[in-house]
Amino acid sequence: MSISEPLESAPAPGGLPPAQYDPAATEPAIYERWLQAGCFTADAARASRTGGDRDAFTMVMPPPNVTAILHVGHGLNNTVQDVIARHARMRGFETLWVPGTDHAGIATQNIIEKQLAKEGLTRQDLGRDAFVARTIAFVDETGGVILEQLRAIGASADWSRTAYTFTPALSRAVREAFVQLYERGLIYRGHRVIHWCPRCLTSLSDEEAEPRETTGALYHVSYPIADEDLAPGEERRALSVATTRPETMLGDVAVAVNPTDERYAALVGKHVVLPILDIRIPVVADEYADPEFGTGVVKITPAHDANDFEVGRRHDLPMPVVIDEHGILNEVTDADGRVPAALRGLDRFEARTRLVEMLKQLGRLERTEVHRHAVRHCYRCDTVVEPRLSDQWFVRMAPLAEPALAAVRAGRVRLLPEKWVGVYEHWMSNIRDWNISRQLWWGHRIPVWYCSACDPPQNVIVSREDPAACPSCGGPVVQDEDVLDTWFSSWLWPMSTLGWPNTASVDLRTFYPTDVLVTAPEIIFFWVARMIMAGFAFMGDAPFHTVYLHGTARDTQGRKMSKSLGNGIDPLDVVRLYGADALRWTLVAGMGLGADVMLDPADLEKSFATGRNFATKLWNIGRFLLVNAGTEPVRALDDVSPGALARADVWILDRLDVAVRECDRAIGPMQPARDRWIGEELGAGLRLNEYAESARRFVWNELADWYLEAIKTRLLTPGEDQQVARAVLVHVFDRALRLLHPIVPFVTEALWQRLPGHVDGTFLATARWPVPAADTETNVLVGEFELLRQIVDALRRTRSDYGVPSSQTIDAFVLADPIHRQMLVDEFSLVARLARTRLAFVEWAPTGPAANVILPGGTELVVPLEGLVDTKKECGRLRAELAGLETQLTALEGRLRNPGFVERAPSHVVDSERAKSEEWRKRRDLLRARIEGLCGAD
RNA sequence: GGGCGAAUAGCUCAGCUGGUCAGAGCGCCUGCCUUACACGCAGGAUGUCGGGGGUUCGAGUCCCUCUUCGCCCACCA
């Protein structure tokens, strides 16, 4: 493709790009060309670990759930990753960004079940195979949409390596991990009370059962003491027991008191009568009972409360199950006669009401009080979770957590922002075993088979391959019905997407460990911590060295954007209206590290104007370049003799260096210098908003506002100097585009392709990141141009202060030292153009009303105000200014007289304060003189 | 009940290891369609940096406390 061929689908008349940047017409074509050129495809052969000459840089994309299309939160997540990936690529790393999606077990199953419910069906009606087939069809569709969305926002992922947590390859990884852990004794089958969702009919992990503050009731029930010797006529005493879930009392097998609780010491070993059922249950002593809470007596229901379960085990108590999997009261296990006919078959909440009634009638309900407490809800369907005794598979986490905790403490893995380290440490130090079985159909089947023919029966077979028959007895085997927690595939993601468990995989050898993981802090425990544990468990190393934890996208009321609230923003809407660059710029530039980003879903224009405006500005700088500098190739900057450079050229080149350094500093090192992060680097870097701001300031406030204005005349005047200006302009703009490309890839690429001298077939996406010039001493011309800017600023301010119409040119007198005077003579026409002011060079101050400006270096500007200003008003203004100045000066000089300050403050601070005081004093004297001259002494 | 974080211009926020910062974007006011850009240009206003106390020569920047919001964790029946 030649440069004359337009990138947009609708070329502008006259061969120039249109004044208004049209992202919709530009972005898709550019993205297509990147793909065709293979810009995002990583090649292991080029990477140093496998014989190439480049360091590898790898990221794995947190796989979005295939349940729904992406919202702006995903846009944020993937934009951050893309900025990092593109920057790494430009830095010369062999960059691999692995995209993919997650099958999202329970979440996806719920969606399909909801669809079925609309058709009046249940999953059981379909049967397991048909249900799974239907889910696969759904996932294929949404998964495809998600990948399209990612491309639309410009994600430079390597699509040839697109992964999915439920492919055969990933299933092998899942099974291998399970078997390895089982062989190491880290997976066990446990009879435990777990969180159970009676609607989803599955167990939930601690993280999936979300506690929610709820107002409920605390029922005080009296349990009569059974075997106390009673004096004749004496009322039988009772223990008062509080509960929030009275229906569970049908499963009570004991009441517990604290062993140190003297009030009840005598009762330990005796019995109480369980009301309604009228059966005797023992009083046990257990630490779990808190003497401070309520009466200090707690009922023990081992099958329906996790803590009670532990107490039950310690005291070897029976564990009757009285609530079934649907949350309905029934005699499930070991519960002979425990559920009265009146309650059998009732929903748990209905049963609660009924049972409370019964207690009242028996006179066993002492009182009921309002009680606020946390009740766990299913994170998918919001049903109140029911603790339930069942057989589940668990991973023993403590041994896995150890190296993962040490890695963060040692700086092998850093968390940004650092505040999350404490949270991570706390959680990892108190880690609990991970229940990995889910009673679902959608997910990786647990690789466990049972042989009932064996003796003993229920022989457990854990295998990498599906066994055809029982290895011991040759009998038939049945696979465990359950599937694995969806995170059991996610925690292997950085390895499995690169080929694990095949350790000979080229990708695994080349690109593992990965570098940066970008995700949200709410899944530190679900995912990040577990990936680190898996990394050490299966590969012997951390899966990445940096975890970048970004904030949440919220609406104007601070609510998290979500589909259920309907306050989400579809990134594609933004892309369609303002372009992917606008979306990306707004998100990256507007968000501090780890901070939330507020957007208004009702006003996309307001939310994304910043980004759109910026893209347009860039576009117009490009237009300026093409209009005024033409499209003929320019000289390389190296071929321009330094002596030929004008003040403005030297200045903008200096500013470019400063900008590059600032961007580099904000981004920080891409990888730790050695095998871990040390010292300052631990918490530094990836300040993408600072990087964006430095680049923006350079290109807008320096390049566009000053440099372009300064060289207009030169560009239009044929000759040697024109060529110099063109060379510098093209060079500087080229570097600016490189700096900005990671954030706004489309508009920068579109412009870069049009730069004079662009070589066909080369892409900004794979061009090199700018390198700042070696730190040389600042050219004196830089300072001179700075002074020039200050003079123009001062003149503009003066004009504005006095309301001079912009059409009117004014005069100003300069009292300058010889050096500055010569400089101003040189730049006379520039000042005249930028400030609409004619400079005159004099040694004396003109009389009459005038505005004075003192500039650093001793240059003084005097702008006569004859005919521009009301003398009386000006006197008032001057007096007010003098008063303010004197106050400040007094404070400043007081500080300078303070020995503490002078002796202990850094010398550069003291020096600058002295200089300031000098300046202010001069200015004060000047003001006084002017007031005297203008207003008379009074 | 613990732990963490935040309170800075009308709004959304930057301000890293105490001394060039009292700042940016959006909004607002004034003047400009100046041949790249009105999605723009030039100029401008607005803040006892949540309250109070302390450390220091010096504090948005460190310590204590209070207030108000978030977030995470927690077995309190």
Side-chain angles (χ1 to χ4, degrees), chain A residues 16-17 19-21 206 211 218-219 241-245 248 256 288-290 292-301 305-308 310 371 373-374 417 419-420 422-423 426-427 430 521-522 524-525 552 554 556 558 578 582 586 589-600 605-607 609-628 665-666 680 683-684 687 689-690 693 696-697 704-705 708-709 712 716 793 796-801 803-807 833-836 895 898-906 908-910 912-913 916:
Chain A
L16 274 180
Q20 210 70 61
Y21 174 53
D206 291 341
L218 189 61
Y219 303 94
V241 176
T243 178
T244 53
R245 296 186 298 149
T248 64
Y288 168 61
D290 178 0
E292 303 296 317
F293 188 88
T295 56
V297 185
V298 57
K299 68 190 209 51
I300 301 300
T301 323
D305 184 286
N307 295 300
D308 292 8
E310 297 299 330
H371 186 65
H373 60 143
K419 64 176 178 180
W420 294 108
V423 179
H426 181 260
W427 192 75
N430 298 288
E522 53 262 36
I524 288 180
F525 307 135
T552 311
R554 297 181 183 281
T556 46
Y578 310 114
T586 304
M591 185 185 66
L593 178 66
D596 291 347
V597 55
M598 305 284 176
L599 297 166
D600 187 354
E605 155 113 30
K606 187 183 169 195
S607 297
T610 312
R612 180 202 55 185
N613 295 355
F614 184 66
T616 305
K617 184 68 182 184
L618 270 183
W619 184 254
N620 279 299
I621 294 170
R623 276 188 91 222
F624 171 88
L625 186 146
L626 295 175
V627 170
N628 292 290
R665 204 175 115 77
E680 285 183 359
R687 265 58 178 186
N689 59 323
E690 292 177 20
E693 171 54 22
R696 189 204 63 82
R697 196 211 54 236
D705 289 350
L708 296 192
E709 296 301 332
K712 273 180 177 170
L716 297 174
D793 276 342
R796 282 172 173 170
R797 214 174 306 122
T798 305
R799 291 181 57 104
S800 178
D801 282 353
V804 181
S806 56
S807 55
R833 190 153 53 81
L834 296 181
R836 288 170 191 270
R895 190 155 7 138
N898 181 335
F901 172 70
V902 177
E903 285 158 25
R904 301 172 71 171
H908 71 271
V909 173
V910 178
S912 107
E913 294 288 74
K916 206 192 289 176

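Throughout, a chain's letter reflects where its sequence line sits, starting with A, and its residues are numbered from 1.
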Among [options], which nucleotide sits nearest the side chain of [X]?
X: A:Asn307; options: B:rC37, B:rC75, B:rC39; value: B:rC75
X: A:Leu218; options: B:rC37, B:rA77, B:rC57; value: B:rA77
X: A:Lys617; options: B:rG43, B:rC39, B:rC41; value: B:rC41
X: A:Thr616; options: B:rC39, B:rC76, B:rA14; value: B:rC39

Separation of [N] [atom2] from [X] [atom1] (nearest whole Å):
X: A:Leu708; N: B:rU34; atom1: CG; atom2: P; answer: 17 Å
X: A:Asp801; N: B:rC29; atom1: CG; atom2: C1'; answer: 15 Å
X: A:Asp705; N: B:rA36; atom1: CG; atom2: P; answer: 14 Å
X: A:Trp427; N: B:rG2; atom1: CH2; atom2: P; answer: 23 Å
X: A:Ile524; N: B:rC71; atom1: CD1; atom2: C1'; answer: 11 Å

Kindly say if A:Arg895 contacts the phosphate of B:rG58, meaning a side-chain N or O under 4.0 Å from OP1 or OP2. no

Whether A:Lys712 contacts B:rA36 is assessed here as follows: a side-chain N or O lying under 4.0 Å from the phosphate OP1 or OP2. Is that the case? yes

Over all strands shown, is A:Arg796 touching base, sugar-phosphate only, or nothing at heavy-atom distances under 4.0 angstrom? sugar-phosphate

Shortest non-hydrogen contact from [X] to [Y]?
X: A:Tyr288; Y: A:Asp305; result: OH-OD1, 4.4 Å
X: A:Leu708; Y: A:Ile621; result: CD1-CG2, 4.0 Å
X: A:Val910; Y: A:Val902; result: CG2-O, 4.1 Å
X: A:Phe901; Y: A:Arg895; result: CD2-O, 3.5 Å
X: A:Gly296; Y: A:Ala289; result: O-CB, 4.0 Å

Expressed in whole Å, how much space separates the [atom1] atoms belonging to [N] and [M]?
N: B:rG15; M: B:rA22; atom1: C1'; result: 9 Å
N: B:rU8; M: B:rG60; atom1: P; result: 15 Å
N: B:rU56; M: B:rC64; atom1: C1'; result: 16 Å
N: B:rG40; M: B:rG25; atom1: C1'; result: 16 Å
N: B:rG50; M: B:rA45; atom1: P; result: 23 Å
N: B:rG18; M: B:rG27; atom1: C1'; result: 33 Å
N: B:rA24; M: B:rG47; atom1: P; result: 15 Å
N: B:rC28; M: B:rU67; atom1: P; result: 39 Å

Under the salt bridge (charged side-chain N to carboxylate O under 4.0 Å, His left out) test, residues paired with A:Arg836 that sit two or more places apart: none

Going by the rule salt bridge (charged side-chain N to carboxylate O under 4.0 Å, His left out), which residues pair with A:Glu310 if we only count those two or more places apart in sequence or in a different chain? A:Arg313

Does B:rG70 count as syn, meaning its glycosidic angle lies within 90° of 0, or as anti? anti

Mind telling me whether A:Phe525 and A:Trp427 have parallel, tilted or perpendicular rings, with 30° and 60° as the class edges? parallel

Can you build the contact string for nucleotides 3-10 of chain B? Use B for base contact, S for sugar-phosphate-only contact, and - for no protein heavy atom under 4.0 Å. --------

The contact string for nucleotides 18-28 of chain B, one letter per nucleotide 5' to 3', using protein heavy atoms under 4.0 Å with B, S and - for base, sugar-phosphate only and none, comes out as -B----SS---

Interatomic spacing from CG in A:Leu618 to CG in A:Asn613 - rounded to 0.5 Å: 11.5 Å

Which residues pass the side chain to side chain donor-acceptor pair (under 3.5 Å) test with A:Arg612, not counting sequence neighbours? A:Glu605

Could you check whether any side-chain heavy atom of A:Glu709 comes within less than 4.5 Å of a side-chain heavy atom of A:Leu834, counting everything from C-beta outward? yes

Enumerate, in order of first residue number, the stems that involve RNA chain B, defined as 3 or more consecutive Watson-Crick or G-U wobble pairs with both distances under 3.5 Å. B:1-7 with B:67-73, B:10-13 with B:23-26, B:28-32 with B:40-44, B:50-54 with B:62-66

